[in-house]
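Here's the structure, in structure tokens; my notes come after.
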There are 2 protein chains.
Amino acid sequence: MIDQDIETKPYDLQTQVFRVLNHPARLALLEILRDGEHCVCHMEAYLGFRQSYISQQLAVLREAGLIQDRRDGWNIFYRVVNLDIYDVLDAVQKYTGQSINPSKEQVVSCNCPNCVSKANRQ
Amino acid sequence: MIDQDIETKPYDLQTQVFRVLNHPARLALLEILRDGEHCVCHMEAYLGFRQSYISQQLAVLREAGLIQDRRDGWNIFYRVVNLDIYDVLDAVQKYTGQSINPSKEQVVSCNCPNCVSKANRQ
DNA sequence: CAATCATATTCAATTCCATGTATATGATTA
DNA sequence: TAATCATATACATGGAATTGAATATGATTG
């Protein structure tokens with residue numbers, strides 16, 4: 001946007017959010033984080049992408065301020081900063097007529113303490 | 001997206017919507033259309049962009065199915081097809097902490113029958 | 001402190017998007 | 001039917017986003 005009009009400047013912030021959401025893998029990551037924080041290895045196992053690819057997409061979400069990370073031993077856990085983002089996702093799912101519920105049943109095992117302790121309990 | 005994962009395919013449709021919304025001028029156009037249909041010349045006068053630029057952005061919105069056009073004599077009027085899109089815009093405005101009300105006071109005059117008859121009434 | 005672990009970053013190639021300029025379309029009026 | 005009106009399209013260029021491959025980081029353990 002070269003000669004930006006004064007009437008469109010107020011939309012720059014919203015545009016930034018839409019730019020980040022304009023990506024299927026990033027939407028999938030946000031859906032995984034809907035029920036709380038998860039480690040990177042979990043998202044990697046869940047989506048089946050290469051590790052560096054997941055990390056790249058997480059970086060986009062992180063640098064845009066949508067998610068935060070926290071280290072716990074070997075693992076890094078990500079969580080969504082502002083849950084209002086899910087109102088945006090819900091609204092677009094309603095608009096497109098989709099209701100996405102990631103197949104949580106599909107048990108995904110990774111080596112993070114959370115998953116290992118869960119697996120041992122069963 | 002070359003080797004798309006099966007887990008991200010369900011998000012392609014949402015991604016398409018976010019792609020279209022990822023543009024300040026297109027967001028401004030949708031805000032203008034919030035209160036009903038408007039002619040192209042009105043949006044042109046309102047935003048101050050060149051005619052062809054407005055037309056290009058309207059084409060993106062139209063081809064994505066967000067808006068529809070209708071001819072009335074010399075003018076073409078656009079309207080939003082599915083008002084649920086405003087739930088998306090509202091949600092992102094809440095997320096960014098913005099509440100945008102386009103300065104409707106700023107009376108914009110164009111030559112479409114609607115604007116001319118309004119102007120004559122005053 | 002060297003090896004190992006999970007994760008992040010860099011770099012390059014390709015594709016996609018934005019936008020200026022020029023021109024086309026198609027309805028309307030004289 | 002020629003001129004005029006509002007609007008649309010085509011094309012070209014520059015810039016941004018995507019993504020694969022390779023490598024780096026930095027905490028942890030032995």
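From a predicted model like this one, the values you see are computed outputs, not experimental measurements.
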Who passes side-chain contact (heavy atoms from CB on, under 4.5 Å) against A:V60, sequence neighbours left out?
A:V20, A:R26, A:Q57
Quick one: which residue pairs count as a side chain to side chain donor-acceptor pair (under 3.5 Å) with a foot in residues 64-73 of chain A, not counting sequence neighbours?
A:E37-A:R70, A:Q68-A:R79
My understanding is that only residues two or more places apart in sequence, or in another chain, count here; which of them pass salt bridge (charged side-chain N to carboxylate O under 4.0 Å, His left out) with A:E44?
none
A:H23 atom NE2 is separated from D:dA17 atom P, nearest whole Å, by 12 Å
A:R19 side chain, from C-beta outward: closest of D:dA17, C:dT9, D:dT18
D:dA17
Measure CD/A:E63 against C1'/C:dT9 and give the value in whole Å, please.
10 Å
What is the distance from CG of A:L47 to C1' of C:dT7, rounded to the nearest Å?
16 Å
Using a cut-off of strictly less than 4.0 Å, decide whether B:R62 has a side-chain nitrogen or oxygen near OP1 or OP2 of D:dT9.
yes
Reading nucleotides 22-29 of chain D from 5' to 3' and marking B where a protein heavy atom lies under 4.0 Å of the base, S where only the sugar-phosphate is that close, and - otherwise, the string is B----SSS
For C:dT7 and A:N75 - does any side-chain N or O of the residue sit under 4.0 Å from the phosphate oxygens OP1/OP2?
yes
Between A:D90 and A:R34 (salt bridge meaning N to carboxylate O under 4.0 Å), is one present in this structure?
yes
In whole angstroms, how far is the P atom of D:dT19 from the CD1 atom of A:I54?
12 Å
Whether B:Y53 contacts D:dT7 is assessed here as follows: a side-chain N or O lying under 4.0 Å from the phosphate OP1 or OP2. Is that the case?
no
Using the test side-chain contact (heavy atoms from CB on, under 4.5 Å), find all partners of B:T96 that sit at least two apart in sequence or belong to another chain.
A:L13, A:Q14, A:V17, B:Q98
On DNA chain D, more 5' by nearest nucleotide between B:L58 and A:N22 is B:L58
In whole angstrom, what separates B:H38's NE2 from D:dA6's P?
18 Å
From the set D:dT7, D:dT19, C:dT7, return the single nucleotide nearest to any side-chain atom of A:C41.
C:dT7
Using side-chain heavy atoms (C-beta onward) and a distance below 4.5 Å, is A:N75 in contact with A:V40?
no
Rounded distance in Å - CZ (A:F18) to C1' (D:dA16)
19 Å
Take the protein atom CG of B:L61 and the nucleotide atom P of C:dA18, then report the distance between them rounded to whole Å.
11 Å
Who are the side-chain contact (heavy atoms from CB on, under 4.5 Å) partners of B:Q16, not counting sequence neighbours?
B:R19
Within the structure shown, what part of the strands sits under 4.0 Å from A:Y78 by heavy-atom distance: base, sugar-phosphate, or nothing?
sugar-phosphate
Separation of B:L29 atom CG from D:dT7 atom P, in whole Å?
13 Å
Between C:dA6 and A:H42, is there an OP1 or OP2 to side-chain N/O distance shorter than 4.0 Å?
no
